[in-house]
Amino acid sequence: MLNNISELPLLYTGKTKDVYELPNGNILLQFTDKTTMNEKGEEDPGGNLVGKLVEGSGQACILMTQHFFNLFEEAGIPTHLVSVDVKNLQMEVKRVSPIGEKVCLEKGSGVEWIGRWIATGSFTKHYGKYIEDGRQFTAPFVHTTLKDDMRNDPYIDEYTLDRLKILSADKYQILKGYTEKIAEIMKVEFMKLGCELYDFKVEYGDDLQGNLILIDEIGPGSARVYKNGKKMSKIEIGTIFQQ
Ligand SMILES: Nc1ncnc2c1ncn2[C@@H]1O[C@H](COP(=O)(O)OP(=O)(O)O)[C@@H](O)[C@H]1O
Ligand SMILES: [Mg+2]
């Protein structure tokens, strides 16, 4: 699928990927070896800063996304994936409108869906009065944050999303169901590899027909995974999907 990206219109430069428009109306995601980190300079799935370049991280991201998105499709969750060119770090995807685009006052709307099996990170930072770090959930715990680097990705609930006309309550329930299913699939998949999934994040959008579909990526930077009680680095997670 090698596309000469210098001839394509660049729509957006993200923290880790560049987004181009293809002549057929689809989108080309050009992955890079850029990684994200949090304000303390640590690897963090919710990190909003561009961290160091890590060789191979773009490829690991594509391979892991391809692996999981295929499993999600088999389970009935529609995704934006059209085709993948691992060598050139490119992914062709269906074009979507990110959630909340119509009512967004600034550039770059979107909602992040977080699925948790073990409470940690920003979750216990917020709710530490009622739940200790490391507590296991018996069913996936799903919640939402706004994609908003300037305002530190605030937590937002179904009621507020609905009242601000970002996402209707009906659609919220559909996406909650998808995210719970994704949580189950990923947990089982990592368990087979002797690893434990703590949490992950995904994004959805509306395709041109108005259907909700899973978008973006699920790479080593989108999930916290532990092995033998130790947090795996992005490189360690990525290596699993390299074969
Ligand atoms: N199918 C799609 N259609 C339109 N935009 C998409 C699609 N898939 C992903 N995106 C957007 O493209 C951007 C990818 O680049 P990324 O580096 O992840 O950006 P960010 O810094 O916003 O996280 C994201 O903002 C993501 O929401
Ligand atoms: Mg991103």
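Counting convention: from 1, in listed order, for ligands and their atoms alike.
Of the residues N152, D148, D153, the one that meets the side chain to side chain donor-acceptor pair (under 3.5 Å) test with N48 is D153. Partner E158 forms a side chain to side chain donor-acceptor pair (under 3.5 Å) with one of R163, Q173, K176 and no other, that one being Q173.
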(request) Report the C-alpha distance between D133 and T124 in whole Å, list the side-chain angles of each, state the deciding distance to 0.1 Å, and finish with yes or no for side chain to side chain donor-acceptor pair (under 3.5 Å). (result) CA-CA 6 Å; D133 210 80; T124 39; 2.7 Å; yes

(request) Under the side-chain contact (heavy atoms from CB on, under 4.5 Å) rule, what do Q59 and F31 come out as? Steps first, then yes or no, please. (result) CA-CA 8 Å; Q59 196 193 76; F31 285 66; over 6 Å; no

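Looking at E184 and K187, no side-chain N of the basic residue comes within less than 4.0 Å of a carboxylate O on the acidic one, giving no salt bridge.
Under a 3.5 Å cut-off, the side chain of T144 and the backbone N or O of I156 do form a donor-acceptor pair.
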Which N or O atoms of ligand 1 sit under 3.5 Å from a protein N or O, and how far apart is each pair?
unit_1	atom_1	unit_2	atom_2	d
ligand 1	1 (N)	H80	ND1	2.8
ligand 1	1 (N)	K94	O	2.8
ligand 1	3 (N)	V96	N	3.3
ligand 1	8 (N)	D216	N	3.3
ligand 1	17 (O)	K15	N	2.9
ligand 1	17 (O)	T16	N	2.7
ligand 1	17 (O)	T16	OG1	3.3
ligand 1	17 (O)	K17	N	2.8
ligand 1	18 (O)	K17	NZ	2.8
ligand 1	21 (O)	K15	N	2.8
ligand 1	21 (O)	K15	NZ	3.0
ligand 1	22 (O)	Y12	OH	2.8
ligand 1	22 (O)	K147	NZ	3.4
ligand 1	23 (O)	K147	NZ	3.3
ligand 1	27 (O)	E203	OE1	2.9

